[in-house]
Amino acid sequence: MNINTEDQAREAIALWQTDPPRAQLKNLRLALESLELSQMYYEQKGNVQGMARADACMAFIATRIAEIDTD
């Protein structure tokens, strides 16, 4: 699933919540890696809005990863 906005991040997290924790972590980490690459791209292009969107999405995903890790 391609995540480009905060709403898409929320939708992906909601969709993956039905998966077992290991599968959720795998999907979340892959999404996080993809967003990190997107953020680097936006940074290279000087796209401040894109960097902010990617950062917000990464924050949602990192929060969910932390929730699963503490369960």
Side-chain angles (χ1 to χ4, degrees):
M1 174 175 236
N2 196 16
I3 299 172
N4 294 313
T5 65
E6 294 174 40
D7 288 338
Q8 289 175 342
R10 286 187 195 102
E11 289 173 19
I13 290 169
L15 179 68
W16 293 331
Q17 282 183 331
T18 59
D19 295 342
R22 280 182 78 137
Q24 285 185 58
L25 286 172
K26 178 184 174 190
N27 288 329
L28 290 165
R29 288 185 178 128
L30 287 172
L32 193 59
E33 287 176 16
S34 177
L35 285 163
E36 287 170 348
L37 291 172
S38 293
Q39 187 179 39
M40 286 188 286
Y41 172 81
Y42 293 136
E43 186 177 346
Q44 188 177 40
K45 297 295 180 183
N47 184 337
V48 176
Q49 290 177 336
M51 290 183 336
R53 273 194 318 271
D55 192 45
C57 293
M58 288 190 299
F60 283 123
I61 291 172
T63 299
R64 181 61 187 147
I65 289 171
E67 289 171 355
I68 293 170
D69 282 340
T70 60
D71 286 345

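In this text, all values refer to a predicted model and were calculated from it rather than measured experimentally.
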Inset, instruction - Go through the structure and list residues passing side-chain hydrogen bond (donor to acceptor under 3.5 Å, both in side chains) with R10, not counting sequence neighbours. - result: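 By the side-chain hydrogen bond (donor to acceptor under 3.5 Å, both in side chains) rule, R10 matches D7.
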
Legend entry - Qualifying residues under side-chain hydrogen bond (donor to acceptor under 3.5 Å, both in side chains), relative to E67, sequence neighbours excluded: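 side-chain hydrogen bond (donor to acceptor under 3.5 Å, both in side chains) check on E67 returns R64.
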
Under 3.5 Å, sequence neighbours excluded: what are the donor-acceptor pairs made by side chains of residues 48-56?
none

Legend entry - All side-chain contact (heavy atoms from CB on, under 4.5 Å) counterparts of N2, not counting sequence neighbours: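 Applying side-chain contact (heavy atoms from CB on, under 4.5 Å) to N2 gives N4.
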
Legend entry - Counterpart residues, side-chain contact (heavy atoms from CB on, under 4.5 Å), relative to D19 (two or more places apart):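 With neighbours one apart ignored, the set is W16, A23, Q24, N27.
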
Return a table of donor-acceptor pairs under 3.5 angstrom between the side chains of residues 37-44 and protein atoms on other chains or two or more places apart.
unit_1 : atom_1 : unit_2 : atom_2 : d
S38    : OG     : S34    : O      : 3.2

Legend entry - Non-hydrogen atoms of I68 and P21 that approach each other most closely: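 Residues I68 and P21, closest heavy atoms: CG2-CB, 4.1 Å.
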
Inset, instruction - Locate the shortest heavy-atom distance separating L28 from I61; write the atom from each residue and the value. - result: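 The pair with the smallest heavy-atom distance is O-CG2, 3.4 Å.
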
Legend entry - Side-chain heavy-atom pair T63, I13 within 4.5 angstrom cut-off: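 Side-chain contact under 4.5 Å: no.
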
